[in-house]
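For reference, the structure is listed below as C-alpha cells.
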Amino acid sequence: MTQRKGEKPTISIQEHMAIDVCPGPIQPIKQISDYFPRYPRGLPPAAPHQVGHAGPLSPALSTTSATAAVESDRPNEDKPERACAGAAASLLATKRDEEPDVEGYDSDDSTTLGTLEFSLQYDQENNALHCTINKAKGLKPMDHNGLSDPYVKLHLLPGASKANKLRTKTLHNTLNPVWSETLTYYGITDEDMVRKTLRISVCDEDKFRHNEFIGETRIPLKKLKPNQIKNFNNCLEKQLPVNKTEDKSLEERGRIMISLKYNTQKSCLVVGIIRCAHLAAMDANGFSDPYVKTYLKPDENKKSKHKTAVKKKTLNPEFNEEFCYDIKYADLTKKTLEVTVWDYDIGKSNDFIGGVSLGINANGERLKHWFDCLKNKDKKIERWHTLTNELPGSLND
C-alpha cells in the first residue's frame, strides 16, 4: 500500500496491540516489525542455511527461524523481557494441560505433598487395630503464611462413614508435625482384616472455611500379621475416588459386642449386650444417647423384646446387660436374634443407629457366632459385629 504525501503513516493492528508482557509499566515495543517479519506477497521466506540438513523447511519452521535470527540481533536489554514472556507462556500451557483432580483438589504429579510416618498393629485377642501416627515431613503449604495446620484422620473402607472416622489433634503452623498419637479401632474381626483397607488422610484445618485436603495413603489390612507392629513411611498421594458402586444399604454405623450362651439347666438362651464402639452420631452435639433392643424371631406372642438402659452422650457405651429367652435347644435352629441400636430422643421419635441379625440365615461372622453357640452349650461366646443402617426385619421403635 502506497502512502500519499501528507498522510500519517498507518499502524497495523499487530503493532497497535503489541505490548511488553513483563511486570512493570506497560510500554509499546519500539521495533515491533522485528516480531512480525514481512515478506513480499507470494514469496515464501528464505530458509536459513543449516549444516548437515537437506531439503526445504516448512513455512512455520522457517518463520520461527527467521524470527529467532532477527531477535538475536536485538540489544541485550530486550532479552530478559523475552525470557519472562516465554516462561509465562510455558506456565500457562502447562496449567492448560493439567487434568482436574478429585473434588477440585489442585495438584500435579510434580507437586510434593509430603511423607507420613506411622505404624499399625492388629491385636487379635482384643479385636483391636492400633494406629500410631508418628510424624509427617515436608507437607505441602496450604496457608498464606507458607505453612499448614495439619491433622490426620482415619477411615475404614469399604463402608467409610462418620461412625468409623478417627482423627488426631491439630498442630498449628508447621510443615513437619510430630503427633506421636495412637488411635484405636475396636471390634475389628479377622473378616475385617481380609476385606478392609485403612485410609489415612492428612488435612489442613481452617477456622473460617472448609478444611483442605493435603494427601492420603491407603493400607490393605491383609498386609498386617496378627500381634505384630508394622512400620510405614509413605509418600502422600492425591485423593483417590471412592468406589461409587458400593452398596449404600451396608453403610457401617458402628460395632457391637454380643455374647451368646445356651444354659442347659434353665433351658434358655442368654444374650449379653456388652458394649458398642464407634457408633454414628445422631445428635447435633456430635454424640448419641444409645440403647439396645433385642428380639428373638419369629415371635408370635410379641414377648421377646428386651431393652437396655440408655447411656447419655456417648458413642462408645458399655452396657454389660444380659437377657434370657426360654426356649428349647432344638428350636434355636429356627430362630433369628435381631439386635438394634437406637438413639433416645425426648419429645420425638427415637433414631435408628444400626442393627445386626444372628441366626441360621445369617452369613460370615454372624453365622459363625450362632453355630459356635449351638456347638458349645453352657459356654459364653463373645463376638464383635458390625452394625449397618439396614433395619433387620420390619421393626418399629
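Just so it is clear, the values below take in all heavy atoms, side chains as well, and ignore hydrogens, waters and symmetry mates.
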Measure centre to centre between the rings of His130 and Tyr122, then say whether the value is under 6.0 Å.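 Here the rings of Tyr122 and His130 have centres that are no less than 6.0 Å from each other.
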Measuring only between side-chain heavy atoms, which start at C-beta, is [X] closer than 4.5 Å to [Y]?
X: Leu198; Y: Leu120; value: yes
X: Pro177; Y: Lys135; value: no
X: Thr386; Y: Val356; value: no
X: Thr168; Y: Ile133; value: yes
X: Asp351; Y: Ser349; value: no
X: Val152; Y: Ser201; value: no
X: Asn361; Y: Leu367; value: no
X: Lys230; Y: Gln121; value: no

Looking at [X] and [Y], does any basic side-chain N land under 4.0 Å from a carboxylate oxygen?
X: Asp190; Y: Arg195; result: no
X: Glu382; Y: Arg275; result: no
X: Asp326; Y: Lys266; result: no

When you measure from the side chain of Asp289 to the backbone N and O of Lys313, does any donor-acceptor pair fall under 3.5 Å?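 Looks like yes, one N/O pair under 3.5 Å.
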Between Asn263 and Cys268, does the side-chain contact (heavy atoms from CB on, under 4.5 Å) criterion hold? Intermediate values first, please. CA-CA 5 Å; Asn263 190 323; Cys268 69; 4.0 Å; yes
Honestly, is Lys293 close enough over Trp342, meaning NZ or CZ under 6.0 Å from the six-membered ring centre and within 45° of the axis?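 Pair Lys293/Trp342 counts as cation-pi.
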Has Lys368 got its NZ or CZ under 6.0 Å from the middle of the six-membered ring of Phe371, at an angle within 45 degrees of the ring axis?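 The answer is no; the distance or angle limit is not met.
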Is there a path of hydrophobic side-chain contacts, each under 4.5 Å between heavy atoms of I, L, V, M, F, W or Y residues, that connects Leu221 with Leu154?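 Yes; Leu154 is reachable from Leu221 via cluster members.
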Check whether Ile381 and Leu296 end up in the same hydrophobic cluster, where Ile, Leu, Val, Met, Phe, Trp and Tyr are linked by side-chain heavy atoms less than 4.5 Å apart.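 They do not share one cluster, since no chain of ILVMFWY contacts under 4.5 Å joins Ile381 to Leu296.
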What do the steps show when you test Asn134 against Thr132 for side-chain contact (heavy atoms from CB on, under 4.5 Å), and what is the final call? CA-CA 6 Å; Asn134 295 320; Thr132 300; 3.4 Å; yes
So, [X] versus [Y]: side-chain donor-acceptor pair below 3.5 Å or not?
X: Tyr291; Y: Asp343; value: no
X: Asp204; Y: Asn211; value: no
X: Thr170; Y: Glu205; value: yes

The test is side-chain contact (heavy atoms from CB on, under 4.5 Å); show your working for Val271 and Glu322 and say whether it passes. CA-CA 5 Å; Val271 178; Glu322 290 185 342; over 6 Å; no
Without placing hydrogens or testing angles, list every side-chain donor-acceptor pair under 3.5 Å for residues 328-336, not counting sequence neighbours.
unit_1, atom_1, unit_2, atom_2, d
Tyr329, OH, Leu374, O, 2.4
Thr333, OG1, Ala330, O, 3.2
Lys335, NZ, Pro298, O, 2.7

Between Arg218 and Glu216, is a salt bridge (charged side-chain N to carboxylate O under 4.0 Å, His left out) present by the stated rule, with each step listed? CA-CA 7 Å; Arg218 299 188 183 186; Glu216 73 169 32; 2.8 Å; yes
Measure the acute angle between the ring planes of Phe323 and His306, then classify it against the limits of 30° and 60° as parallel, tilted or perpendicular.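 If you compare the ring of Phe323 with that of His306, the planes turn out parallel.
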Leu147 vs Leu139, test: side-chain contact (heavy atoms from CB on, under 4.5 Å). Steps then yes/no. CA-CA 9 Å; Leu147 300 173; Leu139 293 181; over 6 Å; no
